[in-house]
Amino acid sequence: MARLVVLGGGVSGHTAATFAAKWLGSSHEVVVVTPNSKWNWIPSNIWVGVGQMSKEEVTFDLAPVYAKAGINFKQAKAVSINPEGSESEAKPFVTIEYTESGREGESEIVEYDYLINATGPKLNFAATPGLGDANGLGEHTVSVCTADHAVHASQELQKCIEKMKAGERQKILVGTGHGMCTCQGAAFEYIFNIEHELKKAGVRDMADIKWISNESFLGDFGMGGLHMKVGGYVVSSKLFAESLFAERNVEWLIGAHTSKVEAGKIEYELLDGSTNEEEFDFAMLIPPFAGVGLKAYAKDGEDITATVFAPNGFMKVDANYAAGAYENWKASDWPRTYQNPTYKNMFAAGIAFAPPHIISKPMSSPNGTPINPTPPRTGMPSGIIGKAVAHSVCDLMTKGENAHLHEASMAEMGAACVASAGKGLTTGTAAAMTVYPVVPDFEKYPGTGRDTEYTFGEIGLAGHWIKHILHHLFLYKAKLNPGWTLIPE
Amino acid sequence: MKHEEKNFEKSDQFNLTMIPGAFARKMRTCVIWQFIRFVAINIKMIVVVGKSH
């Protein structure tokens, strides 16, 4: 019996572990190591952040689901990997530290035959002074990155709304908290949900709402923007996004690196090198992402972290990390199998793999400060990659080490995104978008880099209905309810 | 002044973009039209999902 260890129980790790357990049956063991006791449907955190959903509606306990699937669940965080074993351990292993109540800090060694690293990101609040520190979110701003953060954001937003009702004008700032952030889409969705909630509460005219982002143009979304067919034209997402902001009376500040956060004020640097300040009463700023800080050691104890992981802490896979300048970037730089090039029994999935480079055009200020979005890896790509990696590992375990590896390049897959603006079935409007492929391929699709038949966006109630369906469908699937394998990632 | 024209004067940023008029905004919440769009968007999304696996 061989053992697969999956690090992380988010979208990618959960998908990989559950499919692997189903395909391998009882002939092999699947272990999941994740520090969280609950699974979180992160896209719906936006609705939690405006008080339209509770934490309980977007999370569920992992333990009973893994028990049902026959998965060995360890509520712990991975600390280090010994891909060659050690002088006392013949097999490769992961050192974990329990976070489970009653076992906090307890250390254990978990041997593996195959490893899938799907830890997701570290929310690197400490990258920006005042945004937070090594312990997490700071006291001046809010976040919607976790369900708990979103609950806190909702509480702070309600205080703001009460002040507006009492006649006190409020300044709301939403966007990115650093020049190297990703996930602009989440902030984009949150700002329009806030705008919708303020209208509902009858206080929209008491709020000044402003967007701040590291994108060089509105609608970049970390993908270099996209082009879509609208009204007989093929138009840039820049026009689509600017129109939405102008319609809703939301001003924007782009090409901005938030350099410091204080109580009620941020400092920022723009792409032209100028610096300025922006005051706020309520601010939701997304932190930059980094790897979770796993270390790697060789058999003799030598630190080989730099061999296994990129400098940003994400695991190296079969990507072209030597692509060089922007002009040389190609779709083929992006990984296909997510296998670690040094240790063939290790894979990385979802946000945990190191991208070869960013997708947007690299930008920096004259002071040398990089100000550009890092690549987004949303739920759909993360799920598809997790499933492909699980398929590869299962084949390696059952057919031998020469088994064919399954492929899932982000340059050959699309993503569907729905950014709601409200939650009602007959009120509010959502932007429903698909992009194909996520990473533009200018050789295959000259001009826009994407297939404009399947890259589109439109605003309307239909997007709300789709968002509701996705919420229930993916929670149903993640709970492994009957027919869960029929629901695509 | 028409509803959609008010925001153009609020900032230079707004003045240089496009803002939907009454018909476009009405269609966004017209249940019959949105049901048609719901079907169309779902078909497109299913195709994208299919091409991605």
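Naming convention: chains lettered A, B, ... in sequence-line order (proteins, then strands); numbering from 1 in each chain. Just the heavy atoms: all of them, side chains too, but no hydrogens, waters or symmetry mates, feed the values below.
The minimum heavy-atom distance linking A:Glu251 with A:Phe245 is given by the pair O-CD2, 4.3 Å. Scanning all heavy atoms of the two residues, the minimum distance from A:Ala349 to A:Gly386 falls at CB-CA, 4.1 Å.
Contact annotation for A:Tyr436: only side-chain heavy atoms (C-beta onward) come within less than 4.5 Å of a heavy atom of chain B. Interface residue A:Ile469: only side-chain heavy atoms are found under 4.5 Å from chain B. Neither the backbone nor the side chain of A:Ala430 has a heavy atom closer than 4.5 Å to any heavy atom of chain B. Contact annotation for A:Val235: neither backbone nor side-chain heavy atoms come within less than 4.5 Å of a heavy atom of chain B. Of the two parts of B:Ser11, only the side chain, counted from C-beta on, holds a non-hydrogen atom closer than 4.5 Å to a non-hydrogen atom of chain A. Both the backbone and the side chain of B:Val31 come within less than 4.5 Å of a heavy atom of chain A.
In terms of heavy-atom pairs under 4.5 angstrom with chain B, the leader among A:Met380, A:Glu453, A:Arg248, A:Met410 is A:Met380. No other option in B:Val49, B:Ile46, B:Thr17 has as many heavy-atom pairs under 4.5 Å with chain A as B:Thr17. Each of A:Leu244, A:Ile384, A:Asp451, A:Thr455 has some count of heavy-atom pairs under 4.5 Å with chain B, and the biggest count is that of A:Ile384. Most heavy-atom pairs under 4.5 Å with chain B: of the set A:Val438, A:Ile466, A:Val435, this distinction falls to A:Ile466. Counting heavy-atom pairs under 4.5 Å between each of A:Gly460, A:Pro437, A:Ala408, A:Ala388 and chain B puts A:Gly460 at the top.
Annotation: cation-pi pair A:Lys387/A:Phe19 present, NZ/CZ under 6.0 Å from the ring centroid and within 45° of its normal.
Neither side chain, A:Glu489 nor A:Thr15, offers a donor N or O lying under 3.5 Å from an acceptor on the other. Counted by atom type alone, A:Asn249 and A:Glu195 present zero donor-acceptor pairs between their side chains at under 3.5 Å.
A salt bridge between B:Lys51 and A:Glu412 is absent, with no side-chain N of the basic residue lying under 4.0 Å from a carboxylate O of the acidic one. Between A:Lys423 and A:Glu189, none of the side-chain N atoms (NZ, or NE/NH1/NH2) sits under 4.0 Å from a carboxylate O, so this pair counts as no salt bridge.
Taking a 6.0 Å sphere around CG of B:Asp12, one finds it holds 12 or fewer heavy atoms contributed by other residues, nucleotides or ligands.
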